[in-house]
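Note that this is a predicted model, so its numbers are computed, not measured. Note: hydrogens, waters and symmetry copies are ignored here, and every other heavy atom, side chains too, is used.
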Amino acid sequence: MISTFDTVGAEADLVEQVRRFFSPEGVLSRARNFEYRPEQQEMAVAVARALVAGEHLVVEAGTGVGKSLAYLVPAILFAVSERRKAIISTHTINLQEQLTGKDLPLLERLLPVPFRYTMIKGRQNYCCTRRLKRAMQQSDGLFTSPELNELQRIYEWSQRTEDGSLSDLDPMPDPKVWDQVCSERGLCSPKLCGPQSEFVRAGGRPCFFQRARNDLLAADVVVMNHSLFFVHLGGVEEAPDNGVLLANDFVILDEAHTVEQVASQHIGVRVSSGQLRYSLQRLWNPRTEKGLLALLRQGKAVSLVAEVFQEADRFFKALEAACEELHRSTSRSRRREREADEGGASGEWTELRIRRPDLVPDTLTLPLQRVNEAVRQILDELEDEDLRAELAECQRRLVELRQAVAVFLSQSQEDYVYWVERTGQMRDQITLNAAPIDVSAYLRQRLFGTGTSVIMTSATLGTRVAGAGGGPPRSGGRSSVRSRRLPGGEAPAGPGAKDGGGGEARSPILFQAGPGEARADSPLRYFVERVGAVRAAQLQVGSPFDYARQMKVYVVRQMPDPRHPDYRAALGKWIEHFVVQTQGRAFVLFTSNRLMWQVSGDLEKPLARHGLTCLVQGRGSSRSAMLEQFKTGERMVLFGTASFWQGVDVPGEALSNVIITRLPFAVPDHPLVEAQVERIKARGGNDFMEFSLPVAILRFRQGVGRLIRTKSDTGIVVVLDNRVLSMRYGRAFLEAIPRCPLEVV
């Protein structure tokens, strides 16, 4: 086992330690399957410099760089030497599992310093053993017979599990039962159920969340997901001393291209009809006559809860009716465009923006306040401390829901956008939403203004749109990219490539700017402005992959306009041509659910005659099940939309063909996107150049990036949208992907 650096003493600075660790002769070179990557070394050194200087850093690192090790090594060494805590946040569970199951165990063997790491989940993922015991004691008043069986199953599981979280409980429990036994703020604390609590001293098993919390406090590296990170960020009004979430921490956000979206979801207000019913049922369920109030025999409070149930039903029905009327008043053409993109039936809506306060009368907050007052009176007279805590938590939830309804109806938050969402199989779940139009100001203050380093990284952050031309996407027009069959693999120059033919690699640095440099030409400018990281140093390093050898791009010139009656048939013809060429093993990426279902239906029998199997998103199987079937099957063609453009990793021959049916311009009809576009127009900006084009280029890069995941992968990318040839902005898409052979057909 390697446990020391050969030539670096304890007094050497962090930057030099990191540089040598990733050098051709460094410690990492002794690990199995090591390949020296200058891009990885450059990124790791940049992270080390930022941590030592207490600065922020944004890094785009191409696929194959090995960015997780590039930030983990300096983070661990810095955390241990400075007694700081590294918070590592990712978007996908796959990356979290890679970090804790592969990368961190490897570094435990290689690094010269011992360190601790843990992965933390939201507290409601953990079983609280003390709450479980109370639920067992009060089960007759809380649960129906089937729920009692579920409670018994959870209890038996709690006696054998080591993790104590939902990921270890299969099948998933009934939410109504789990809600009575999981960890909750105010009900689960070190004093109540931690290792030194009276509950444990009396023979109880330590609470699983408190065990996880102790692991977090003792760890040098804490891994979590973005949702949990931003929940905690929004839950702390002021940053702790020299930290973001905890005192003396620093933050690394991987998969950072998702940060803006996740932050928007968790900074605003969200309250649903189901959420309200669920919270009320903890007090009293009229159907089962169970709940906390049943234990206390509080008839008056029960009547008030029953009244809120009735008012809530009337309120959400009135809200839905008002939304239907508002929707009918929108233009018919816009509705058709929306339905085509979302696959909805004629006349239906999923998200509807609300531009004025008091859409419906507020008949809900007063009954909720009456329930809160009744619960408060019970709390004043209640002697059972555990039951007091349970009731207090119910009250806290109802207060938050009441405030959220009031904020939505009054539209009291400035610079927010408000909308109603309708979801569920029966479209019977109504959700009120309010979110900041621009999260950059919040993140600039709450994340980047905390006095500790924040590192952001992803494989796709950069976009260059200068010279791409303005104007909205449209078909037709003169070509600014010569349409030709390019001999010898000639292609438009793009970042992140080796010289053609696998020759000598260029410098790994594609772009670099120091902290606070206002570089108008920065390919990372769009991203850093959107997330408030304008004072961060910027670094863009290429991929070590030989794209000139591994990948080829085909662009089909003769595609009809999407509005032409022959468009669907042409799309099917070219998809069939290229998937037969690669014997399946293809992702076909769409921007429209409806078109995807139509085209996949057209192709199912023709492809079957070639021995190819179609997997279609939204046709029964879950995304994860589809992906597993694709990886393990043969001659598969997967038809997918948004969620398959990013965060999907299929290395090897299973994926040899990515077909992009349409440039991924988002229809600006989601209320949040619509409001962002309006803000740009209001200040005289060009919303296409400042918003639509950069977003589409980033998503295009993510789609193309599904193909080459290792140095041995090969395959083709097919673009069935000739705007990359016919429109002035089209070249920006081609220049955004790695340099490789391009053929126009």
Side-chain angles (χ1 to χ4, degrees), residues 1-23 25-34 40-41 43-52 54 66-90 95-121 162-163 190 194-196 206 208-224 240-252 254 452-453 455 457:
M1 182 176 73
I2 302 166
S3 60
T4 60
F5 290 102
D6 291 346
T7 59
V8 180
E11 72 283 355
D13 71 343
L14 177 66
V15 174
E16 185 59 26
Q17 288 184 40
V18 169
R19 188 189 306 279
R20 295 197 185 195
F21 185 87
F22 287 96
S23 71
E25 301 79 24
V27 172
L28 189 59
S29 67
R30 304 179 189 179
R32 186 184 306 173
N33 299 325
F34 169 78
Q40 185 181 48
Q41 184 185 48
M43 175 180 171
V45 167
V47 172
R49 285 187 178 131
L51 294 176
V52 169
K67 64 181 184 300
S68 57
L69 290 182
Y71 61 69
L72 283 175
V73 169
I76 293 166
L77 294 175
F78 184 73
V80 172
S81 65
E82 300 298 320
R83 297 185 179 180
R84 304 284 294 272
K85 196 177 297 291
I87 306 293
I88 313 291
S89 181
T90 79
L95 183 51
Q96 293 169 53
E97 291 174 347
Q98 175 194 313
L99 293 176
T100 56
K102 177 184 174 184
D103 297 334
L104 288 165
L106 170 67
L107 294 177
E108 274 190 308
R109 300 192 299 271
L110 294 180
L111 286 176
V113 293
F115 66 93
R116 295 183 180 182
Y117 64 89
T118 189
M119 182 167 72
I120 190 74
K121 308 165 190 174
E162 291 298 321
D163 177 66
Q196 307 303 319
F208 291 107
F209 174 75
Q210 295 305 323
R211 287 167 52 186
R213 180 179 178 276
N214 287 342
D215 290 342
L216 180 150
L217 296 175
D220 303 292
V221 179
V222 178
V223 179
M224 63 175 62
D241 292 339
N242 199 28
V244 177
L245 298 185
L246 303 167
N248 296 314
D249 69 12
F250 59 92
V251 174
I252 298 175
D254 201 344
T452 189
S453 292
I455 314 292
T457 185

Minimum side-chain heavy-atom gap Ser81-Leu14 below 4.5 Å: no
I need the Glu25 CD to Arg20 CZ distance, nearest 0.5 Å. 10.5 Å
Search all heavy atoms of Asp220 against all heavy atoms of Ala79 and return the closest pair with its distance. O-CB, 3.9 Å
May I ask you to test the Leu28-Gln40 pair for a side-chain heavy-atom distance under 4.5 Å? yes
Could you go through the side-chain contact (heavy atoms from CB on, under 4.5 Å) check for Phe78 and Val47 one step at a time? CA-CA 10 Å; Phe78 184 73; Val47 172; over 6 Å; no
Is there a donor-acceptor pair under 3.5 Å between the side chain of Lys85 and the backbone N or O of Leu216? yes
Of the non-hydrogen atoms in Ile120 and Ala212, which two are nearest, and what is the gap between them? CD1-CB, 3.8 Å
Taking distance alone, no hydrogens or angles, what donor-acceptor pairs closer than 3.5 Å link side-chain atoms of residues 244-251 to residues at least two apart or in another chain?
unit_1: Asn248; atom_1: OD1; unit_2: Asn242; atom_2: ND2; d: 3.4
unit_1: Asp249; atom_1: OD1; unit_2: Val244; atom_2: N; d: 2.7
unit_1: Asp249; atom_1: OD2; unit_2: Val244; atom_2: N; d: 3.4
unit_1: Asp249; atom_1: OD2; unit_2: Leu245; atom_2: N; d: 2.9
unit_1: Asp249; atom_1: OD2; unit_2: Leu246; atom_2: N; d: 2.8

Return yes when atom CZ of Arg211 has more than 12 non-hydrogen atoms of other residues, nucleotides or ligands closer than 6.0 Å, and no otherwise. yes
Are any of the side-chain heavy atoms of Phe22 and Met43 separated by less than 4.5 Å? no
Show the nearest heavy-atom pair for residues Pro190 and Arg213, with the distance to one decimal. CG-NH1, 3.3 Å
Minimum side-chain heavy-atom gap Asp13-Val52 below 4.5 Å: no
Which pair of heavy atoms, one from Tyr71 and one from Leu99, lies closest together, and at what distance? OH-CD2, 3.7 Å
With rounding to the nearest 0.5 Å, note down the distance linking CZ in Phe21 to CG in Leu111. 5.0 Å
Smallest separation among heavy atoms of Leu51 and Pro74, with atom names: CD1-O, 3.8 Å
Quick one, Gln41 and Ser23 - any side-chain contact, counting heavy atoms below 4.5 Å? yes
Spatial distance of atom OH (Tyr117) from atom CG (Leu104) [nearest 0.5 Å]: 6.0 Å
Within a strict 4.5 Å, meaning less than it, do heavy atoms of the Arg84 and Thr452 side chains meet? yes
Among Leu77, Val73, Val27, which residue meets the side chain to side chain contact (heavy atoms under 4.5 Å, CB included) test with Gln17? Leu77
From Asp254 CG over to Ile88 CD1, what is the distance, rounded to the nearest 0.5 angstrom? 8.5 Å
Rounding to 0.5 Å, atoms CG (Leu110) and OG (Ser29) come to a distance of 9.5 Å
Please name all residues satisfying side chain to side chain donor-acceptor pair (under 3.5 Å) with Thr118, sequence neighbours left out, ordered by chain then number. none
Measuring from Leu95:CG to Ser89:OG, what's the distance to the nearest 0.5 Å? 9.5 Å
